[in-house]
Amino acid sequence: MVPIFLLLLASCRPIALTTSPEKEALVIVLPEKAPVRVAFGANKLKEALANAGYLVAIVTPDKPLKKGWKILVAYSNEATPVNAAATNNFNVSGKEGFTITSTENLLTIKGADASGALYGCLEVAAQVKNSGKLPANLQLSDQPQMVLRGTAIGLQKPYYLPGRTVYEYPYTPETFPWFYDKALWVKYLDMLVENRYNSLYLWNGHPFASLVKLPDYPYAVEVDEATFAKNEEMFRFLTEEADKRGIWVIQMFYNIILSQPFAEKHNLKTQDRNRPITHLLSDYTRKSIAAFVEKYPNVGLLITLGEAMEGTGPDDVEWFTKTIIPGVQDGLKARGQTVEPPIVLRAHDTDAPRVMKAAMPIYKNLYTMAKYNGEALTTYTPRGKWAELHRSLSRIGTVHLQNVHILANLEPFRYSSPDFIQKSVKAMHEVYESNGLHLFPQASYWDWPFSADKTPVRLLQINRDGMWYKAWARYAWNYKRSRTEEVTYWSNLLAEEFGLPTDKGAAVLEAQEQAGEISPKILRRFGITDGNRQTMTLGMLMTQFINPFRYRVFTLLYESEAPEGEMIIQYAEKESKKEKHLGETPLQVAEEIVVHGQQAVAAIEKAAGAVTKNKNEFNRLRNDMYCYNAMARHYSEKVKAAIAVLRYKYSEDITDLEKAVPHLENSVQHYREFVNLTKDTYLYANSMQTPQRKIPVPAVDGTFKTWAEVLPVFEKELDTFKQRIDSLKSSVKATPVKIIPFKNAPVTLHSQTKGVYSLSQEQPIFADTTVLIQVVAPELRGLKGFKYSKAEQVAKGTTIRFTARQPVKLLVGYFNKQAGFSADPDPNFAKAPELETDASASDYGQSEIKISNALVAGNLPPVNIHAYAFKAGTHTLNLPKGALLLLGFIDGTQEIRMRDAGLAVSAKNIDWLFE
Ligand code: ADA
């Protein structure tokens, strides 16, 4: 339909204004029955003009004015009858665009739609604020490049609630006091509209049981009556206030999660990714969605298929098209509404192109979303398979959004490099071909609304990280801005922020941009994962540098989320073979980050003496620059140590190890500086404090979240290394640690197996193949494995039901394909638990490899051992489809020393040098 515009000039009549001599009178003329967001824009403009000394009134069209300035606000509205006079005069660009023209005493703001009029008003308001007066001779047209520009807030916590697991956080004032704070919402929404964001995503596992009641499942609600009423009120308040500001509220949820009382009543788990979809699960979810859509008409939905259901396979298509979309349609029908709310499908742990293909014929208002650089910020030159996925989603023809997710490698320090951000947005358009942004908080996602700074009164992220929100929004609106203009823009802004002359503002910008290279480079060149199981700013163990596969390195990080280059182990291998290096090398990055650190510190010091405003915040920013510097030096030295140690792996020359010692010593020394810089300034390094965190050190009970806690680990690592070198040099060889075999723990089995076998050579491991064990790690010898049919495992998955009278651990062997992300998954082998795509992958402590390369059978890939811990009681464990081995139960208190048994790997293992 052709846009129709209301032009209001013709119908204005004079109105009386009491003018004081020094104040210029002015009216803002609004269309009658203007949408709330247009009125909101006009009010913001009025406020700016009043602050600049004008006497302003907002009037409707039938009150024209004889003299003084008039500002006409108009917008297109498909629902309004055509006004020929109006349309002739309009030449406004597309969605959310606006045109501003001014002639003598008449300024016209024309929005392509209501949001365009809102943004036009805000544009004039900003100009009034900057220049102190209404600009004359303004001719301006603008429109956003990205269609959806939104931010995320998690209704999630750094920890699990008692008796609950990941993502399960009912909306209550006890858990989320900030959710009920209207003033805080207004402040946040004002920040969003000021930056012209048009969407706000609320993330939660299963929000429905906090927001709707279902006649068929009345017991599913998980909050008390008073809280339920508050939630209804807050959700209405939030959606109305958001709408005023041109913002869609979009509720995110994971699938399949059940409300706890519902699950208990039906004797089900709240989440189980390997269970089959049943009618009950589908009916409950469909009705929850329907009730939600019926009750909250202006709310969109963001869907995560996967995590709590089988990743890829028929289930995700089935669930999306037969449960979720019908739920939305039922809700629309119940309201008698035809306008479809947006549904955004996340490409996370699901085959999104396939799901979209099935969904598009039945629902029109669909969007897709995928992570920009995983759960981190690593590069503005993304490539490889992940870029292909993005492009294939963009090319569907629906709007594809970039999810700048969690930023696990940016926590907790300040980060807002405009240069890095602008280039990233460019890549979003030009490499990923997408046109939407979904932005996570810069840090402390799990601890909203607070930052990690240790201050007498906790800092709010909206205040601390204002520049983060501003920068992404600025480039989401338009990334084609010249570098020179950008340097001027940000330098002025920072000069204003800290009361500095412009050149010193430029120095602060320089510091931010130098520091802005450090964390991306460290993670993409040395890291284990782009996921939040790694807290990069805490550092890494030596074994993580020299044997990353033991820690399940997430190869997508290197293959797609980094420029072409080498991992440390690849670099060392090439060195040993005297081969040519390729692209960005670890040594190059080890050198570059030190330079960035030095320059960041030098730049911030240039400004330090001249600060006249916001001194405390400046000092915190300054301290962050020192933190980046210490972190860069620490990593740089440790990487150099790792390279020397790996050289020894090939040369067997102890002097190579000795060369590593001073580097490792230096790295520990820089880490001590890092501890000093952070101990009084930060509460934690990472806001996710659940057992999902594994790198550098598994975080049990919220431990290992500060640098001070990790320092002794690094000191010990250095000591051990020195001792190992001594013993290598001495004629008296150290006696190897004696490995004692585990003992079978008694359990009563309730499910069917195809017999048992003893873990020893030449034993068959499947009921339907002739494959025999060739070799098995000593600690496993003699354990009792359970036999299954491999074909059945591949077709249906593996289930075991048992009763244990005492806590036990079940040892599960996964065949290690080590194929990397680019290789297609092999359906013959079950995928080992992976935290990057399944946050429940550590619910039994099973996500990390306890013993790598622990068993070899036939010519199958080597087997890695994962341990699932269970309390006493009766349990059912559903494991994914594909072959795997259940290698027996051991006592729950049995410590399993993590190690690489090295049974199938030809290359030498040298992890023992550090542990
Ligand atoms: C991983 C990550 C979670 C969450 C999730 C997602 O599982 O560990 O914290 O971010 O991805 O939804 O993308």
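Indexing begins at 1, ligand by ligand and atom by atom, following the structure's order.
Considering only residues two or more places apart in sequence or on other chains, Tyr682 meets the ring-ring contact (aromatic ring centres under 6.0 Å, His included) condition with Phe413. With sequence neighbours excluded, the residues that form a ring-ring contact (aromatic ring centres under 6.0 Å, His included) with Tyr167 are Tyr254.
Using a heavy-atom distance under 4.0 Å as the criterion, the protein contacts of ligand 1 are Tyr167, Trp203, Tyr254, Glu307, Arg346, His348, Lys371, Glu375, His405, Ile406, Trp446, Asn532, Gln692, Leu835, Glu836, Asp838, Ala839.
The stretch residues 531-540 participates, sequence neighbours left out, in these side chain to side chain donor-acceptor pair (under 3.5 Å) pairs: Arg533-Glu836.
With salt bridges taken as basic N to acidic carboxylate O contacts below 4.0 Å, one links Arg395 and Glu433. Electrostatic pairing of Arg414 and Asp453 counts as a salt bridge here, judged by a charged N lying under 4.0 Å from a carboxylate O.
Among Phe262, Tyr284, Tyr169, Tyr171, the single residue meeting the ring-ring contact (aromatic ring centres under 6.0 Å, His included) criterion with His206 is Tyr284.
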